[in-house]
There are 2 protein chains.
Amino acid sequence: MANSLNLTIDRSSPVPLYHQVVQGIQDAITSGELEPGHKLENEIDLAAALNLSRPTMRKAMDELVRAGLLVRKRGVGTQVVSSQVRRPLELSSLFDDLTAQGSKPTTDILTFSHVEADAEICTKLGLAAGAKVYHFTRLRKVAGKPLALMENWVRNDIVDIDEAGLSQQGLYSILRKGGVNFRLATQSIGAAIATELQAKLLETTPGAALVTMERTAVDDTGRLVETGRHVYRADQYTFEMTLVQR
Amino acid sequence: MANSLNLTIDRSSPVPLYHQVVQGIQDAITSGELEPGHKLENEIDLAAALNLSRPTMRKAMDELVRAGLLVRKRGVGTQVVSSQVRRPLELSSLFDDLTAQGSKPTTDILTFSHVEADAEICTKLGLAAGAKVYHFTRLRKVAGKPLALMENWVRNDIVDIDEAGLSQQGLYSILRKGGVNFRLATQSIGAAIATELQAKLLETTPGAALVTMERTAVDDTGRLVETGRHVYRADQYTFEMTLVQR
DNA sequence: GTCAAATGTTTGTACTGACAATACTACATG
DNA sequence: CATGTAGTATTGTCAGTACAAACATTTGAC
């Protein structure tokens, strides 16, 4: 045990050294090279083996601890946490998640308008009364089967949005291309019963269980860019996440 | 703007300096002293003003960025994020969350046994076939109204659990007192329809919406300590969280 | 007047060095 | 045999410094 991690660090690469270490260890864990419970060498030796300083090594391990892949204990050492491929819930769009999984999602635009925001939306997006927003509802399908019904409001002073673009790609992708750098989002997950309309669109029965999600996203300048209410078919979608103790 | 944070640092305190800064800024934000959108002084000046080194100051701000309270941009500066005070979803028990809110939750023990784990539970807890576990179901009420129905399995080689203790305090509290230091958990949130039995216990109607949650928790030695399936009344409970872009 | 280059500000990354706090082990002591 | 104590290993915290990269603004050229 405690063999020196088969890693190579490229100092001429633009990707930060600590991030190269994060990637390397992550790969070693997912590939099974580092088994659950395996004890790593101590920080100082690891750093020396890779010709890095201890703070850099530590920063890398910090990230992995936060991501839930490693567990540290003072005076003892660092261990690979027990198994199962688990991705922490990150700030990403459903569209991106699905394509990353290899699915080919499609989007039906149900409604699309450019209107004055009502009081509730103004509050949620931190806008002055009377400001205009994009408002649209979409139906997301995978392999022809409906998965989610999404209603969103987006402020209109950042990116121009049109119906054609929305049907081709995810909302977040459009916003990112428009120069929006998302930083964080607050979301709330709950449950509800399908109404007749929802059931019809999602091709299920009224009274079926739905997962509900409300989200408001903030960009790197602190603007509240987007807010939305989504519902998912409970038999086809759950939110997976990893919680880390601070 | 950019007035120097009204903070005092106690160097003789056992609490780390960076954490004192985190607390201080957090308090300033929640108290409204630092308004959303407010731009902070730069790291170097802030550090100097508090007689701290820049790495220490940075570490404090890092935490706040991860917690979703601050937003940073290279070449520009650091801002207080404009948002409602919402704490990120942390690894905590329902019981603790409720008491922290000022509620006084009660627990009814519905079943309690000490049995051989079946194959599924063995897998989830990483146990050898035939290992014994505690298995119990509880009904959690707040102000006399039922909120959650919880079924849990706990490995039995760490802490002794009895029915009396469970009815008095939360599971996590018991485990912590038994020397378990939780580090992370994976959980999955979805939705379902109340069965007749569930409806009866939760004092709602069959077919009502329920939020479902499955969780497996890991301690600081990498042991899979506990796994459980919970259902909550959707009209009384949602999961709130903050997602931070890495 | 418009576009490009230079400049300054601020955060991002990285290194070195030092000491403190905690956990485990082995040993001595009663 | 039990118990406390010292020593060792490992992570946790903190200081100080240097340079790189991204961004915003000003300056300069055409």
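Quantities reported herein were computed from a predicted structural model and do not represent experimental measurements. Throughout, a chain's letter reflects where its sequence line sits, starting with A, and its residues are numbered from 1.
For A:Arg58 and D:dT11, the shortest distance from a side-chain N or O to OP1 or OP2 is not below 4.0 Å. Residue B:Lys59 places at least one side-chain N or O under 4.0 Å from the OP1 or OP2 atom of D:dT13. In this structure, B:Arg11 does not reach the C:dA20 phosphate: none of its side-chain N or O atoms is under 4.0 Å from OP1 or OP2. Between A:Thr56 and C:dC15, a side-chain N or O to OP1/OP2 separation shorter than 4.0 Å is present. For the pair B:Thr78 and C:dT10, the criterion of a side-chain N or O lying under 4.0 Å from OP1 or OP2 is not met.
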Output, in order, the C-alpha distance, side-chain angles, deciding distance and verdict of side chain to side chain contact (heavy atoms under 4.5 Å, CB included) for B:Ile29 and B:Leu70. CA-CA 10 Å; B:Ile29 292 176; B:Leu70 297 180; 4.2 Å; yes
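Rounded to whole Å, atom C1' of D:dA9 lies 16 Å from atom CG of A:Leu40. One atom, OH of A:Tyr18, and another, C1' of D:dA20, lie 13 Å apart when rounded to the nearest Å. Atom P of nucleotide D:dA9 and atom CG of A:Asn42 are separated by 10 Å, given to the nearest angstrom. One can place CZ of B:Arg54 at 13 Å from P of C:dA14, the figure rounded to the nearest angstrom. The CE atom of B:Met57 sits 10 Å away from the P atom of C:dT11 (whole-angstrom rounding). Rounded to whole Å, the distance from CG on A:Asp62 to C1' on D:dT13 is 12 Å. Atom-to-atom, CD of B:Gln20 to P of D:dT13 comes out at 12 Å; the value is rounded to the nearest Å. In this structure, CZ of B:Arg74 is placed 13 Å from P of D:dA20, rounded to the nearest angstrom.
Each of B:Asn181 and B:Lys73 was matched to the nucleotide of DNA chain C holding its nearest heavy atom; the match closer to the 5' end belongs to B:Lys73.
Of the inter-residue distances, the one linking A:Phe136 atom CZ with A:Ser167 atom OG reads 11.5 Å to the nearest 0.5 angstrom.
Side-chain contact between A:Glu33 and A:Asp27: absent, with no pair of heavy atoms (C-beta onward) separated by less than 4.5 Å.
Of the candidate nucleotides D:dC23, D:dT13, C:dT13, D:dC23 has the atom nearest to the side chain of B:Val76. Between C:dT13, C:dT16, D:dC14, one nucleotide has an atom nearer to the side chain of B:Pro16 than all others, and that is D:dC14. Distance from the side chain of B:Ile44 is smallest to C:dT11 among C:dT11, D:dT11, D:dC14.
Checked options A:Arg72, A:Arg74, A:Lys59; the residue passing with A:Glu43 is A:Arg72 (criterion: salt bridge (charged side-chain N to carboxylate O under 4.0 Å, His left out)).
Evaluation of the salt bridge (charged side-chain N to carboxylate O under 4.0 Å, His left out) test over residues 12-21 of chain B, restricted to residues two or more places apart or in two chains, returns none.
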